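Right, one structure below, let's go through it.
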2 protein chains.
Amino acid sequence: MNEKLELDKRKAFILATVVYEYINTAEPVGSVTLTQKYNLGVSSATVRNELAELESLGYLVQPHTSAGRIPSDAGYRTYVDRLMQPESLTKDDTRRIRDQFREASQELGDVIEQTTRLLSGLSGNLAIAVAPSRDTHAFKHVQLLWLSSRTGLAIVVTSGGVGAQRVFEWTTEVNADELTRLSNALNSRFGGRVMEEIGPADIDAVCAELGTSAEIREAVRGVFATARQTDEPEIAAAGAQNLLDQPEFHDLRKLRAILRIVEEQRTLYDLIADELAAENAAATDAAHVRIGHELRADELSECSVVTVPYRFGDRGVGMLAILGPRRMPYGRLIALASGTARSLGDHLNDVEIR
Amino acid sequence: MNEKLELDKRKAFILATVVYEYINTAEPVGSVTLTQKYNLGVSSATVRNELAELESLGYLVQPHTSAGRIPSDAGYRTYVDRLMQPESLTKDDTRRIRDQFREASQELGDVIEQTTRLLSGLSGNLAIAVAPSRDTHAFKHVQLLWLSSRTGLAIVVTSGGVGAQRVFEWTTEVNADELTRLSNALNSRFGGRVMEEIGPADIDAVCAELGTSAEIREAVRGVFATARQTDEPEIAAAGAQNLLDQPEFHDLRKLRAILRIVEEQRTLYDLIADELAAENAAATDAAHVRIGHELRADELSECSVVTVPYRFGDRGVGMLAILGPRRMPYGRLIALASGTARSLGDHLNDVEIR
DNA sequence: GTTGGCACTCTGATGCGCCGACTGCTAGCG
DNA sequence: CGCTAGCAGTCGGCGCATCAGAGTGCCAAC
């Protein structure tokens with residue numbers, strides 16, 4: 001039960017070393033390699049005994065009888081949770097992240113995409129970014145514009161940029177003043193609110209006060225609904241070609257599974273959705289690692305995902321993620337993802353519409 | 001010289017059959033296969049003689065001495081230009097295209113992306129779509145909005161949707177009326193123009209008339225410049241995982257080259273840019289096919305690209321493209337791309353902001 | 001010009017043997 | 001009791017030879 005007892009100091013060191021070595025070489029690790037490359041102070045025979053025990057405890061597996069050991073999900077898990085040393089960003093990484101955000105876009109969607117490019121480049125894996133739910137954006141401004149006597153343009157601006165815009169054609173003539181008055185009323189009523197606090201009933205109330213026509217009311221409802229729309233959260237991914245470097249993806253079926261996941265926004269989002277939900281509840285900024293079967297997807301049983309939330313003001317939470325083989329440099333990737341998330345949050349707060 | 005003489009009827013038929021058979025089977029085609037599967041009326045020995053001649057003429061090549069023939073670039077070219085029969089869309093394809101556009105988005109960027117998903121799904125290859133240059137969009141509306149005494153929001157709406165929006169912070173206080181008057185002046189001056197006709201000088205002229213401050217003038221210039229921005233044309237691609245099915249991409253290096261091209265918008269755009277330029281000059285709506293080395297990219301020497309323009313009103317021209325192995329069903333893909341381009345153009349005209 | 005026949009070539013699959021890497025086990029040592 | 005040296009055993013991967021199959025080119029005959 002108690003892992004402290006289960007893993008004495010030497011076992012822990014050997015396990016850590018096996019994981020470390022396997023991450024670096026992609027080759028199963030044997031007892032001789034361990035005694036030669038690392039200063040264990042015991043003979044390979046002793047290491048063999050330890051390896052056998054670690055295997056029976058479930059931390060290591062053998063691909064076949066006469067091969068070295070590779071870590072199991074549990075082995076990676078223990079390594080990540082208790083054995084590895086946390087890393088911090090290198091000077092070079094810090095600089096590259098800073099440079100990237102210095103000239104980053106103001107549009108949420110563009111920033112998300114640029115961030116995935118950055119993170120995939122730095123990490124050498126597939127990077128994913130999910131934008132904060134639009135529901136948590138702050139309402140900034142709504143404007144109904146008179147285009148012609150029967151057409152108008154409705155624009156909702158939120159802290160994420162232009163939340164929605166749409167052109168409407170009406171069956172009856174519309175007065176420009178009427179639109180302006182309605183805009184002003186909506187703005188003063190909703191100013192300072194978060195989008196999820198603005199429902200159809202609130203809109204109806206304002207419209208009723210001004211005696212707005214049903215047609216225009218529908219238009220306003222519609223554009224607000226679009227601005228809140230949460231069923232297709234903004235998401236971006238980049239760096240799939242990085243995965244080709246990893247020997248575990250030379251198998252075409254695995255590669256195919258990954259590519260399918262990347263191209264289908266839905267599955268990609270599902271991959272991160274539970275972390276996002278957990279994050280919204282827990283509200284810590286820590287990176288999380290999910291390993292192999294913990295991802296609950298057969299195609300990803302040989303992959304790991306590092307996720308880290310980023311904060312958009314004091315409201316929204318988005319997610320950055322790195323997807324790669326289980327054999328990934330966890331310490332470095334956690335540092336990269338955390339650093340990027342922090343910079344991303346800072347950037348978004350800087351450019352946020354005040 | 002004269003290809004009509006160079007290729008008598010029988011040679012033409014044999015060449016067409018070899019290409020057709022190779023496209024379907026991905027296996028080099030031999031003389032026996034030809035005589036057995038197709039009714040040639042001559043023996044395999046005769047076919048062998050013909051094949052040898054077609055090879056010396058440059059239409060076919062042999063992967064190795066004791067294999068069948070496969071088409072060369074020239075062989076495919078002749079097949080596409082003169083031998084194959086044009087195909088038309090199947091009922092099922094027509095329906096799927098129609099259904100897709102019936103519920104398509106209003107935003108240009110979203111439509112482009114949805115179109116690539118549709119076209120990659122239908123074609124089983126990689127689909128690419130380039131949006132019309134933003135320069136050719138019609139100016140619709142500009143609005144400067146007062147947010148607070150020192151901040152404002154500028155929005156430019158074009159026929160492509162919201163062309164640009166940006167929040168500005170000013171060093172001096174700004175009057176809401178001033179912004180409204182400037183908006184009105186700009187709208188009446190620029191109404192009906194195409195974006196490329198609106199330069200900084202035009203903006204300066206309007207600002208001068210109203211005595212607008214330099215700071216606000218810069219803001220207006222900036223947002224118009226963003227709305228016209230053409231250096232990064234909107235582009236989307238989808239369906240890379242389809243290519244994994246093709247045996248020619250089981251080679252990881254080739255796959256890598258393709259994935260890199262797809263993830264880098266720049267190279268992807270370059271692939272289509274010359275066709276786009278040619279199209280702007282020629283103004284025909286025909287599909288074009290480029291085969292193997294005609295693409296002028298070593299990584300793509302075993303690929304072909306079908307491109308077809310689509311028209312956005314009477315102004316802009318965008319491009320749809322399908323990228324796949326040279327061994328692609330040209331007739332079907334040309335029909336699919338053309339049909340999709342037509343529907344896409346129709347859809348864009350329907351939802352265009354009037 | 002066409003055809004049947006034949007010798008020849010080359011690929012890809014299959015099977016075999018060997019090498020190397022690693023293990024588990026056992027006996028012995030401190 | 002833990003550690004170690006040594007050894008037999010196991011298994012994957014690699015190189016090599018073999019073989020069947022597919023296809024060609026050529027030639028002599030029709």
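Convention: sequence-line order gives letters A, B, ...; per-chain numbering from 1. Hydrogens, waters and symmetry mates play no part in the numbers below; they use all other heavy atoms, side chains included. This one's a predicted model, so the numbers in the text were calculated from it and none came from an experiment.
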*Any idea how A:Y38 and A:Y20 line up, ring-wise: parallel (<30°), tilted (30 to 60°), or perpendicular (>60°)?*
perpendicular
Starting from [atom2] on [N], measure out to [atom1] on [X] and report it in whole angstrom.
X: B:L34; N: D:dA22; atom1: CG; atom2: P; answer: 15 Å
X: B:K11; N: C:dG1; atom1: NZ; atom2: C1'; answer: 12 Å
X: A:L60; N: C:dG24; atom1: CG; atom2: C1'; answer: 16 Å
X: A:E27; N: D:dG12; atom1: CD; atom2: P; answer: 15 Å
X: B:Q36; N: D:dG21; atom1: CD; atom2: C1'; answer: 14 Å
X: A:K37; N: C:dC22; atom1: NZ; atom2: P; answer: 12 Å
X: B:L51; N: D:dA22; atom1: CG; atom2: C1'; answer: 14 Å

*Indicate whether any N or O donor in one side chain lies under 3.5 Å from an N or O acceptor in the other, for B:T90 and B:D93.*
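There is such a pair between these side chains.
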*asked:* Give the dot-bracket line for DNA chain D from 5' end to 3' end: parentheses for intra-strand Watson-Crick or G-U pairs under 3.5 Å, square brackets for crossings, | for inter-strand pairing, dots for unpaired.
replied: ||||||||||||||||||||||||||||||
*Over all heavy atoms of both residues, which pair between B:Y79 and B:A16 is shortest? Give the atoms and the distance, please.*
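Looking at all heavy atoms of both residues, the shortest contact is CE1-O, 3.8 Å.
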_Nearest heavy-atom neighbours spanning B:I272 and B:V130_ =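 B:I272 and B:V130 have their closest heavy atoms at CD1-CG2, 4.2 Å.
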*Is A:D251 salt-bridged to A:R256, going by a charged N under 4.0 Å from an acidic O?*
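No, A:D251 and A:R256 are not salt-bridged.
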*Full working for side-chain contact (heavy atoms from CB on, under 4.5 Å) between B:L34 and B:L51*: CA-CA 11 Å; B:L34 285 174; B:L51 289 177; 4.2 Å; yes
*How does each nucleotide of nucleotides 2-21 of chain C score, in 5' to 3' order, for protein heavy atoms under 4.0 Å: base (B), sugar-phosphate only (S), or none (-)?*
SBBB---BBS---------B
*Is any side-chain nitrogen or oxygen of B:R69 closer than 4.0 Å to OP1 or OP2 of D:dG23?*
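Looking at the OP1 and OP2 atoms of D:dG23, neither is under 4.0 Å from any side-chain N or O of B:R69.
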Can you give me every donor-acceptor pair (side chain of residues 60-68 of chain A, partner residue at least two apart or in another chain, under 3.5 Å) with its distance?
{"unit_1": "A:Q62", "atom_1": "NE2", "unit_2": "A:T65", "atom_2": "O", "d": "2.8"}
{"unit_1": "A:Q62", "atom_1": "NE2", "unit_2": "A:A67", "atom_2": "O", "d": "3.1"}

*asked:* Applying the salt bridge (Lys or Arg N to Asp or Glu O under 4.0 Å) criterion to A:R69, which one of A:E27, A:E50, A:E55 satisfies it?
replied: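 The passing option is A:E55.
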*asked:* So, taking the atom named OG in A:S123 and the one named CG in A:N242, what distance separates them when rounded to the nearest 0.5 Å?
replied: 6.5 Å
